[in-house]
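The next block holds one structure in the form of structure tokens; read it before the comments.
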Number of protein chains: 2
Amino acid sequence: MLNQPSPLDLTFQALADPTRRALVERLVRGPASVSELAQPLDMSLPAVMQHLAVLESSGLVRSEKVGRVRTCRIDGGTLSLAEQWINQRRMEWASRLDRLGQYLETLKNQGEEP
Amino acid sequence: MLNQPSPLDLTFQALADPTRRALVERLVRGPASVSELAQPLDMSLPAVMQHLAVLESSGLVRSEKVGRVRTCRIDGGTLSLAEQWINQRRMEWASRLDRLGQYLETLKNQGEEP
DNA sequence: CGGTTGGTTAAGCATGTGCTTTAGTATTCC
DNA sequence: GGAATACTAAAGCACATGCTTAACCAACCG
């Protein structure tokens, strides 16, 4: 991860931490301020901000500051980017198993018929 | 991640590395030996094995050794576990936006009718 | 104005991660 | 048996991560 990490790197890395997933779980229910997000978590405010920075640099979360309160919200597009990557692999994996099954079926039938 | 990490932690962590995603992309096309997996990668064999160990401890990959060659294959279940987590958040996020849209629609109609 | 609230910055520290090299151990081939 | 193959184990190192505490700043409140 030395040479600038890809969006996918950043997104999966962001999701790899339980605290950050908890933040995402909170934010899918609607926007929230930094201290609202920090309140249920058992760590210092700066720690929460660092987690938010990770989420934001991955694109999973966007935020804007008005007055002295920063409001954070989910970016669904980034979420679905990660989902798509997994989905495509799983699809390819499943279709390969399918072809394999069909092939084994033809072998079985060849053994029965003649 | 000090106190034993959850399957989701391990899986997203495993997917956060481009080399490991490349290994997964290779393995969805079918099983392969360690050295087959290492061949296209620009790093030492032990490094590849460490990546495989990460994938295996997450459950994304299983492997068995027969003779002197270890054959690795994808576990689709673990892949879909990660996919489901994302999908559920994205669904919840989308349905909230939907309710919000409907609410705004009713507000608009109330303004027009009377 | 002065205090509280909400957030930010910086520094420091323990532990984790992603490699490397070097030195093995089994298997299989001739 | 001896060489080649396929993997494994161990140690070490540079850098990243996930916290902490101790200031600090800016906006609102009375």
Checklist entry - 5'-most contact on DNA chain D: A:His51 or B:Val69, nearest heavy atom basis? => result B:Val69
Checklist entry - How close or far is atom P of D:dG18 from atom CG of A:Leu15, stated in whole angstroms? => result 12 Å
Item to check | Worked check of side chain to side chain contact (heavy atoms under 4.5 Å, CB included) between A:Val34 and A:Leu52 | outcome: CA-CA 8 Å; A:Val34 173; A:Leu52 284 171; 4.0 Å; yes
Item to check | Flag, side chain of A:Glu56 to backbone of A:Ala53, donor-acceptor distance under 3.5 Å | outcome: no
Checklist entry - Once you round it to whole Å, what is the distance between P of C:dG7 and CD of A:Gln39? => result 13 Å
Next on the checklist: Rounded to whole Å, please give me the gap between CG in A:Leu45 and C1' in D:dA23.
Outcome noted: 15 Å
Item to check | Atom-to-atom span, CG of A:Asp9 to P of C:dG18 - whole angstrom | outcome: 10 Å
Next on the checklist: Students often get this wrong, so: under 4.0 angstrom with heavy atoms, is A:Ser35 touching a base, only sugar-phosphate, or nothing?
Outcome noted: sugar-phosphate
Item to check | Toward the 5' end of DNA chain D, by each residue's nearest nucleotide, A:Pro46 or A:Arg68 | outcome: A:Pro46
Checklist entry - Looking at the side chain of A:Met49, which of C:dT17, C:dT9, C:dC19 is the nearest nucleotide? => result C:dT9
Checklist entry - Taking only side-chain nitrogens and oxygens of B:Lys65, does any of them come within less than 4.0 Å of OP1 or OP2 of D:dT8? => result yes
Next on the checklist: Below the 4.0 Å mark, does C:dT20 have OP1 or OP2 next to a side-chain nitrogen or oxygen of B:Ser44?
Outcome noted: yes
Checklist outcome for this item: Looking only at C:dT5, C:dG7, C:dT17, the nucleotide nearest the A:Arg70 side chain is C:dG7
Checklist entry - Does NZ or CZ of B:Arg89 fall inside the cone over B:Trp93's six-membered ring, less than 6.0 Å from its centre and within 45° of the axis? => result no
Checklist entry - B:Trp85 vs B:Phe12 aromatic rings, parallel, tilted or perpendicular, using cut-offs 30° and 60°? => result perpendicular
Checklist entry - Which whole-number value in Å describes the distance from A:Asp17 CG to C:dG16 C1'? => result 13 Å
Checklist entry - C:dG18 phosphate, OP1 or OP2: any side-chain N/O from B:Arg20 under 4.0 angstrom? => result yes
